[in-house]
Q: 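Sharing a structure below in structure tokens format, with a few things to ask.
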Amino acid sequence: MVIGALGIGYGFMDSHKSFDDVETMLANESHHGGGHGEAASHGETKGHDSQKEEAHGESHAETNDHASGQDVVDKHTKHVNHVLHAVHNRPYSALYVAAFFFMMIALGVLAFYAVQYAAQAGWSPLLFRIMEGITYYLLPGALIVVAIAVFAGDHIFVWMNPDMVDPKNPKFDALVAGKSGWLNTKGFIIRALIFIGGWSLYRYFSRKFSLAQDQANDNKNFKKTFRISAAFLVFFLYTESMMSWDWIMSVDPHWFSTLFGWYVLAGMMVCGITVIALITMYLKGKGLLPQVNDSHLHDLAKFMFAFSIFWTYLWFSQFMLIWYSNIPEEVTYFVTRIEDYKLPFFGMLAMNFIFPLLILMNSDYKRIPWFVVMAGLVILAGHYLDIFNMIMPATVGDQWHIGIPEICSMLFFAGLFIFIVFYAISKQPLVAKRNPFLKESEHFHY
């Protein structure tokens, strides 16, 4: 966390570049050593020279030469300002991507936990306390995501710029103005608090009833959790979709996809289940979960595999329909990512689909801890790149890097996540003692 915080601070300081700094940076990167500036100078010189040398009858051509030179200057200035804006956006975006990624893991685990209770699953009660520990991160993690979004403002969400909805302003955007009934900062914050409040209430009461069940002589607390889990899943499906529109999809306010909520859901579920598996194997390796066996690991790996395939199905459905229809305002989303983000775009596909498919398809491999750990780490890295691909093209364009701001943001939130989760896990016994399905979980073999 300390290393991450220092790197984040450095990233923000390094992003405070001036117009001249960016111009110099672009000149150094250019093969022609500042071709934009030279071209502008050449165009202007040509225009002034022609005024001295050419006859009065050719004055129209002189004017065109001068205008051409001015156009080059304007284009150069516009390009430098565009890059300057991207450089300023980068540390905010890197911080937001990492914050959302770890919040997403906790939210996915909460949904998976609710599914286990609602389905009255018999294999998973031995893992409930691990799930409860991971979900402890959800409240602080979600509040941090919203705080970063509001603090960053139009560095991430362009619709937060009031100029875009002002018809008298040159930056006015009719499409963004048309969506301003939903996309406005006040509405964004209110909806976020409703989402976080609902998720946190379920997490609080389910944890409370789970601990109370340990001391009870009947199953009333279990039944209460069953009922609120079923209700929560309905609430979750609505709010998760709206959250994905607000917190991710709206970074591209001109673009939308009706599959987007499901797509984000698939990613958060596979990440959440992967983290459950990794922590379970870590604790079992420490001798703290002796009753967890390879069948529990096998089931977790099956869910990792299944949600990886589900994620791929949704990704392809979204991509194929948009690409085939070739509607300009829709297809530009993927054109930008394929042209400017080839490595993270296609690398993410390989890591989230091809790798899990090859490693986790074999039933025997699902029982081997180091195979599951290897697959899990690749899956988590792949889904970080997925969030990276969702946010960065809209905020930094082709000026993306995986450097100090990105790596240190990940380090900071990984440290915060591990600290909070293991703090929560350490506070209560690792096994839900009086869960009515505990014996079935202890003797689970598949």
Side-chain angles (χ1 to χ4, degrees), residues 105-139 142 195-240 265 268-269 272-273 275-277 279-281 283-284 288-300 302-304 306-307 420-446:
I105 291 171
L107 184 56
V109 171
L110 187 67
F112 188 69
Y113 177 79
V115 167
Q116 300 307 302
Y117 263 103
Q120 299 191 21
W123 70 277
S124 53
L126 277 174
L127 310 177
F128 279 176
R129 290 292 154 80
I130 295 172
M131 298 183 204
E132 291 167 11
I134 296 170
T135 59
Y136 195 71
Y137 179 81
L138 179 58
L139 178 58
F195 304 157
I196 297 168
W199 302 336
S200 299
L201 279 174
Y202 169 72
R203 194 266 163 197
Y204 171 79
F205 283 106
S206 61
R207 167 78 163 176
K208 179 182 176 182
F209 295 150
S210 175
L211 294 175
Q213 183 65 30
D214 283 359
Q215 311 300 327
N217 297 318
D218 54 34
N219 293 328
K220 285 182 180 178
N221 290 294
F222 175 83
K223 291 175 182 177
K224 288 178 185 176
T225 309
F226 167 75
R227 286 193 291 268
I228 65 171
S229 295
F232 167 74
L233 287 171
V234 176
F235 175 81
F236 169 78
L237 286 173
Y238 280 101
T239 55
E240 184 277 332
L265 171 66
M268 72 168 58
M269 292 300 288
I273 294 162
V275 171
I276 295 170
I279 293 177
T280 299
M281 285 183 285
L283 293 175
K284 183 170 175 59
L288 298 173
L289 287 172
Q291 292 164 315
V292 171
N293 56 51
D294 62 352
S295 291
H296 294 99
L297 181 60
H298 179 271
D299 267 25
L300 287 169
K302 276 201 302 186
F303 278 112
M304 290 164 60
F307 277 105
I420 290 176
V421 167
F422 279 89
Y423 168 81
I425 289 174
S426 69
K427 287 300 172 183
Q428 300 295 338
L430 271 177
V431 176
K433 295 181 230 177
R434 280 213 71 260
N435 186 288
F437 292 99
L438 183 61
K439 288 297 180 186
E440 184 177 341
S441 184
E442 289 173 350
H443 296 95
F444 176 65
H445 290 286
Y446 177 75

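Sequential numbering from 1 along the given sequence is applied to the chain's residues. The figures here come from the full heavy-atom set of this structure, side chains too, leaving out hydrogens, waters and symmetry mates.
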Q: Does Thr280 reach the side chain of Leu297, with side-chain heavy atoms less than 4.5 Å apart?
A: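 A side-chain contact under 4.5 Å is absent here.
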Q: If you look at every heavy atom in Ala118 and Phe226, which pair is closest and at what distance?
A: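 Here Ala118 and Phe226 meet closest at O-CE1, 3.2 Å.
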Q: Indicate whether any N or O donor in one side chain lies under 3.5 Å from an N or O acceptor in the other, for Ser295 and Trp123.
A: no
Q: Determine yes or no for a side-chain-to-main-chain donor-acceptor pair under 3.5 angstrom, with Ser200 supplying the side chain and Gly197 the backbone.
A: no
Q: Quick check: do Ile130 and Val421 have side-chain heavy atoms less than 4.5 Å from each other?
A: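 No, every pair of side-chain atoms sits at 4.5 Å or beyond.
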Q: Could you tell me which non-hydrogen atom of Arg434 sits nearest to which non-hydrogen atom of Ala216, and how far apart they are?
A: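 In terms of heavy atoms, the two residues are closest at CD-O, 3.1 Å.
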Q: Quick one: closest heavy-atom pair of Ile273 and Leu300, and the distance?
A: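 Here Ile273 and Leu300 meet closest at CG2-O, 3.6 Å.
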Q: Side chains of Asn219 and Gln213: do they bring a donor and an acceptor to under 3.5 Å?
A: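 Yes, because at least one side-chain N or O of Asn219 sits under 3.5 Å from a partner of the opposite role on Gln213.
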Q: Can you tell if the side chain of Leu283 reaches within under 4.5 Å of the side chain of Phe422, non-hydrogen atoms only?
A: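 Yes, their side chains come closer than 4.5 Å.
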Q: CD1/Ile228 to CZ/Phe235 distance, rounded to the nearest 0.5 angstrom?
A: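 Between Ile228 CD1 and Phe235 CZ, I get 13.0 Å after rounding to 0.5 Å.
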Q: Got a second to check how far Lys208's NZ is from Glu132's CD, nearest 0.5 Å?
A: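 Result: 14.0 Å between the selected atoms.
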Q: Can you find a heavy atom in the side chain of Phe236 that is under 4.5 Å from one in the side chain of Trp199?
A: yes
Q: If we only count heavy atoms from C-beta on, is the Ile425 to Ile279 side-chain gap below 4.5 Å?
A: yes
Q: Please check if atom OH in Tyr136 has more than 12 non-hydrogen atoms from other residues, nucleotides or ligands closer than 6.0 Å.
A: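 Check fails, neighbour count at 12 or below.
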Q: Atom CE of Met304 and atom CG of Asp299: how far apart are they, to the nearest 0.5 Å?
A: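 Output value for this atom pair is 12.5 Å.
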Q: Do the side chains of Glu240 and Met268 get nearer than 4.5 Å, heavy atoms only?
A: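 Heavy-atom side-chain distance check passes, below 4.5 Å.
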Q: Work out which heavy atom in Arg129 is nearest to a heavy atom in Leu430; give both atom names and the distance.
A: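 Closest heavy-atom pair between Arg129 and Leu430: CB-O, 3.5 Å.
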Q: Which distance, rounded to the nearest 0.5 Å, do you find between the OG1 of Thr135 and the CD1 of Ile105?
A: 13.0 Å
Q: From Asp214 CG over to Asn221 CG, what is the distance, rounded to the nearest 0.5 angstrom?
A: 9.5 Å
Q: Below 30° counts as parallel, above 60° as perpendicular, anything between as tilted: where do the rings of Tyr113 and Tyr117 land?
A: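 Perpendicular, since the angle between the ring planes exceeds 60°.
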Q: Measure across Arg203 and Ser206 and return the closest heavy-atom pair with its distance rounded to 0.1 Å.
A: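 Heavy-atom minimum between the residues: O-OG, 3.1 Å.
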Q: Between Arg207 and Leu211, is there a side-chain heavy-atom distance shorter than 4.5 Å?
A: yes
Q: Mind telling me whether Phe307 and Phe303 have parallel, tilted or perpendicular rings, with 30° and 60° as the class edges?
A: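 It falls in the parallel class, under 30°.
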Q: For the side chain of Asn435 and the backbone of Pro125, is there at least one donor-acceptor N/O pair under 3.5 Å apart?
A: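 Checking the backbone N and O of Pro125 against the side chain of Asn435, no donor-acceptor pair under 3.5 Å is found.
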Q: Run the side chain to side chain contact (heavy atoms under 4.5 Å, CB included) check on His443 and Gln291 step by step: do they pass?
A: CA-CA 8 Å; His443 296 95; Gln291 292 164 315; over 6 Å; no
Q: Within this structure, what is the NE2-NE2 distance for the pair His445 and His298, rounded to the nearest 0.5 Å?
A: 13.5 Å
Q: So, do Phe232 and Leu110 sit near enough that their side-chain heavy atoms are less than 4.5 Å apart?
A: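 Counting from C-beta outward, Phe232 and Leu110 do come under 4.5 Å.
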Q: With a 3.5 Å distance limit and no angle check, can you tell me whether His296 reaches the backbone of Val292 through a side-chain donor-acceptor pair?
A: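 Checking the backbone N and O of Val292 against the side chain of His296, no donor-acceptor pair under 3.5 Å is found.
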Q: Is there a donor-acceptor contact under 3.5 Å linking the side chains of Ser229 and Tyr202?
A: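 Tyr202 and Ser229 do have a side-chain donor-acceptor pair below 3.5 Å.
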Q: Would you confirm whether Ser441, through its side chain, and Leu126, through its main-chain N or O, come within 3.5 Å as a donor-acceptor pair?
A: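 It does hold such a pair.
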Q: Give me the atom names and distance for the closest heavy-atom approach of Asn293 to Phe444.
A: ND2-O, 2.9 Å
